Novice: 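Handing you a structure now.
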Amino acid sequence: MSNKMWGGRFSAGPDAALEAINASIDFDRRFYAQDIRGSQAHVAMLARQGIVTDEDAAAISQGLTEILAEIEDGTFTFQRALEDIHLNIESRLADKIGAPAGRLHTARSRNDQVATDFRLWTRDTVDEIDAALLGLQQALAEKALAHAGTVMPGFTHLQSAQPVTFGHHMLAYVEMVGRDRGRFADARARLNESPLGAAALAGTGFPIDRHMTAGALGFTRPMANSLDAVSSRDFALEVLSAAAIAATHLSRLAEEIVLWTTAQFTFVRLSDRFTTGSSIMPQKKNPDAAELVRGKTGRVIGALVGLLTVIKGLPLAYSKDMQEDKEGTFDALDTLGLCLTAMTGMIADLEPDAAAMKRAAGSGYSTATDLADWLVRELRLPFREAHHVTGRIVARAVETGTSLEELPLADLQAVEPRITAAVFDVLSVEKSIASRTSFGGTAPANVEREARAWLDRLGAK
Ligand code: ARG
């Protein structure tokens, strides 16, 4: 049997393989609410423009409302033979109201229809992601406030560098997530134009009002070029880029959590809610959730690269390749949402081990820069020379197996005779962090102020 929606020129039905490769209903049914919303706006416009009668429009609208209820209560039967969500709904409408159903698709094509649905869905999902990103920022900023003065080692090259505070480290991620939200917001603003009414590719001869449908669907305006409207998927690419970058940020934080929870680091403890045991090693408490956040980032990046690859060779306007835009996008945004939920829970529950971090913060000659800065301030040495003097002092400490703080004054003076006992004042980790009062620096007073400002801006939980 040929297809009842478009089979006029066909005498034979599709091969089973065609049906299998062609059908998108298994995944695009996710659009059902957006598809019905778009059709409601379209038919209201057709009636107002006198393109369909008010009576037909009322029957169509009523039928669509019933179909929405059928889908939501699980009584709707989706059919693969009807390819996609658009034809499944239209076919059901025909079963319900008969001939007037056939008027819904006047001055419209599945090409502008699917572009509209996908933009509406993406817009809704971006709003959900933004709320989840906000939740993560709040959890991070609360940890930051609670640990504004908790010392931890700061690293470069993953080697001890200079002491920082745990709160400062948390706030670094608050900033990163803030930019992630900015990227989603930018993408949302650009995607929020309506393709509806572009029809197949060239527009239509019917006197439609695209401004009316755009307004009804919450778009800021109709897209200006009908070819662009049905051909472009850069809105999805932008959202996937924002998702890939956000997931990459989560992955870095996840990697740090994995590292910090090792017996070698012991910087933080994860709650039982976010760790798992081993089936053989009774002592284990594994950071699986963090590992999976790190691992799942691969899928999100993969979705971006996948869609770029699908689109890169496509001539204008619509090609069926574009049906491949959905699964990766759905998966990427679902995955990001899940990772955000898991990360927010991990951060909220996580407990820093202040003693272990302080011990680690003092190791590795982490206050050597403070010593060099003291030489610049007190002895007026040029920084480059102070750096050299300090390097020799560090070498001396390495040789004798002591920390900088414990090095006898005589050893310091052997390198630079003008050094006095006052230098020991700047060599503790507390003194080091307290001194970093420059804008954006790690001094606890800065961190506390920044954490409060963020929590204020983010709104109470
Ligand atoms: N299921 C299709 C998609 O997702 C809808 C558009 C089909 N358009 C067409 N000309 N066959 O892309």
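Excluded from the calculations below are hydrogen atoms, water molecules and symmetry mates; all remaining heavy atoms, backbone and side chain alike, are included. Counting convention: from 1, in listed order, for ligands and their atoms alike. None of these values were measured; they are calculated from a predicted model.
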Novice: Could you check which of Val230, Asn111, Leu201 puts a non-hydrogen atom nearest to atom 8 (N) of ligand 1?
Specialist: Asn111

Novice: According to the interplanar angle, ranging from 0 to 90°, do the rings of Phe267 and Phe265 count as parallel (below 30°), tilted (30 to 60°) or perpendicular (above 60°)?
Specialist: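 Geometry flag for Phe265 against Phe267: perpendicular rings.
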
Novice: Using a strict 4.0 Å cut-off to heavy atoms of Asp84, name the atoms of ligand 1 that fall inside it.
Specialist: 1 (N), 2 (C), 5 (C)

Novice: Decide yes or no on salt bridge (charged side-chain N to carboxylate O under 4.0 Å, His left out) for Asp26 and Arg80, but give the supporting numbers first.
Specialist: CA-CA 8 Å; Asp26 294 338; Arg80 269 229 179 138; 2.7 Å; yes

Novice: Less than 4.0 Å between a side-chain N and a carboxylate O, is that true for Lys96 and Glu70?
Specialist: yes

Novice: State whether Glu128 and Arg188 are salt-bridged, where the test is any N-O pair (Lys NZ or Arg NE/NH1/NH2 against Asp/Glu carboxylate O) under 4.0 Å.
Specialist: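 No salt bridge links Glu128 with Arg188.
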
Novice: For atom 12 (O) of ligand 1, grab the closest protein heavy atom and report residue, atom and distance to one decimal in Å.
Specialist: Tyr318 OH, 2.4 Å

Novice: Identify the residue among Gln323, Glu324, Lys326 that makes a side-chain hydrogen bond (donor to acceptor under 3.5 Å, both in side chains) with Ser24.
Specialist: Gln323

Novice: Report the member of Gln323, Arg233, Lys326 with the shortest heavy-atom distance to atom 2 (C) of ligand 1.
Specialist: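 Answer by nearest heavy atom: Gln323.
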
Novice: Enumerate the atoms of ligand 1 whose separation from the nearest heavy atom of Ser24 is less than 4.0 angstrom.
Specialist: 1 (N)

Novice: Which residue and non-hydrogen atom of the protein lie closest to atom 11 (N) of ligand 1, and at what distance in Å?
Specialist: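 For atom 11 (N) of ligand 1, the nearest protein heavy atom comes out as Arg110 NH2, 3.6 Å.
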
